[in-house]
Amino acid sequence: VQLQASGGGSVQAGGSLRLSCAAAGTSFTSDATAWFRQAPGKEREFVAYRSWNGGYIYYADSVKDRFTISRDRAKNTVYLQTGSLKPEDTAIYYCAVARARPRAFSTWYKRVDEYDYWGQGTLVTVSS
């Protein structure tokens, strides 16, 4: 599985960007997808999760009601629509894929080590 993230850039606070994650080697038939981000000097953190069929979608509290995760099956691409961006949203954004397998706890989707494949990241910079 290869993931190619794109769509990052520099925007002013209040603006929006649509991040894309094009996948090769998976059609998301049974794979879950997620977006994480990592700000300078900080650990990678969970942003958004989408189950393989879209039945379960979760967001970090910090982005809830501002970001939307979605998938275009025909393009084999997962998106993260961001909005009302804040300077604290500045980070490298990574897409990730988790293969279907039993999980030990219900909030596994927030853990970096539960994902099997990662994209290279795309930088989002938000200025005040």
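If you read the sequence from its start, that first residue is 1, and numbering goes on from there. Computed from heavy atoms alone, side chains included, the values below leave out hydrogens, waters and symmetry copies.
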Sidechain-backbone polar pair: N76 side chain, T26 backbone, donor-acceptor under 3.5 Å: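 The answer is yes, because a donor-acceptor pair under 3.5 Å joins these two groups.
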Whether the side chain of S62 engages the backbone of A60 through a donor-acceptor N/O pair (distance < 3.5 Å, no angle test) should be reported.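 Checking the backbone N and O of A60 against the side chain of S62, no donor-acceptor pair under 3.5 Å is found.
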How many angstroms lie between [atom1] in [X] and [atom2] in [Y], if you round to the nearest 0.5 Å?
| X | Y | atom1 | atom2 | result |
| --- | --- | --- | --- | --- |
| L80 | I69 | CG | CD1 | 6.5 Å |
| R37 | E88 | CZ | CD | 8.0 Å |
| K110 | Y58 | NZ | OH | 10.0 Å |
| L19 | Y93 | CG | OH | 7.5 Å |
| S30 | R101 | OG | CZ | 11.5 Å |
| R66 | T82 | CZ | OG1 | 8.5 Å |

Could you tell me whether [X] and [Y] make a salt bridge, using a distance below 4.0 angstrom between a side-chain N and a carboxylate O?
| X | Y | result |
| --- | --- | --- |
| D89 | K86 | no |
| D113 | R44 | no |
| D31 | R99 | yes |

Treat each ILVMFWY residue as a node, draw an edge where side-chain heavy atoms are under 4.5 Å apart, and state whether [X] and [Y] are in one component.
| X | Y | answer |
| --- | --- | --- |
| F67 | L17 | yes |
| Y117 | W52 | no |
| W108 | V47 | no |
| I57 | V97 | yes |

Pair T90, V124 - check side chain to side chain contact (heavy atoms under 4.5 Å, CB included), show working. CA-CA 5 Å; T90 294; V124 173; 5.9 Å; no
W35/Y59 aromatic ring centres below 6.0 Å: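 Ring centroids of W35 and Y59 are no less than 6.0 Å from each other.
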The criterion is side-chain contact (heavy atoms from CB on, under 4.5 Å); which residues satisfy it with S127, sequence neighbours excluded?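 Residues passing side-chain contact (heavy atoms from CB on, under 4.5 Å) with S127: Q12.
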Is it true that the side chains of D72 and S70 contain a donor and an acceptor less than 3.5 Å apart?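 There is no such pair (donor and acceptor under 3.5 Å, judged by atom type) between the side chains of D72 and S70.
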Not counting sequence neighbours, which residues clear ring-ring contact (aromatic ring centres under 6.0 Å, His included) with F46? List them please.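 With neighbours one apart ignored, the set is F36, Y109.
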Do you know which two heavy atoms are closest between [X] and [Y], and how far apart they sit?
| X | Y | result |
| --- | --- | --- |
| S16 | Q81 | CB-NE2, 4.0 Å |
| L3 | A23 | CD2-CB, 3.7 Å |
| Y115 | R111 | CD1-O, 3.2 Å |

Fit a plane to each ring of W118 and Y94, take the angle between them on a 0 to 90° scale, and name the class: parallel (under 30°), tilted (30 to 60°) or perpendicular (over 60°).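 Rings of W118 and Y94: perpendicular, over 60°.
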Taking CZ in R73 as the centre, count heavy atoms belonging to other residues, nucleotides or ligands within less than 6.0 Å. Is the count above 12?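 At most 12 heavy atoms, drawn from other residues, nucleotides or ligands, come within 6.0 Å of this atom.
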If you draw a 6.0 Å radius around CD in Q2, do more than 12 non-hydrogen atoms from other residues or ligands fall strictly inside?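 No, CD of Q2 has 12 or fewer neighbouring heavy atoms, counting only those of other groups under 6.0 Å.
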Set out, in order, the CA-CA distance, both residues' side-chain angles and the distance that settles side chain to side chain contact (heavy atoms under 4.5 Å, CB included) for Q38 and E45, then state yes or no. CA-CA 6 Å; Q38 187 166 17; E45 65 174 4; over 6 Å; no
Does any pair with a residue in residues 3-46 pass disulfide bond (SG atoms under 2.5 Å apart), and if so which ones, sequence neighbours excluded?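 Passing the test, one end in residues 3-46: C21-C95.
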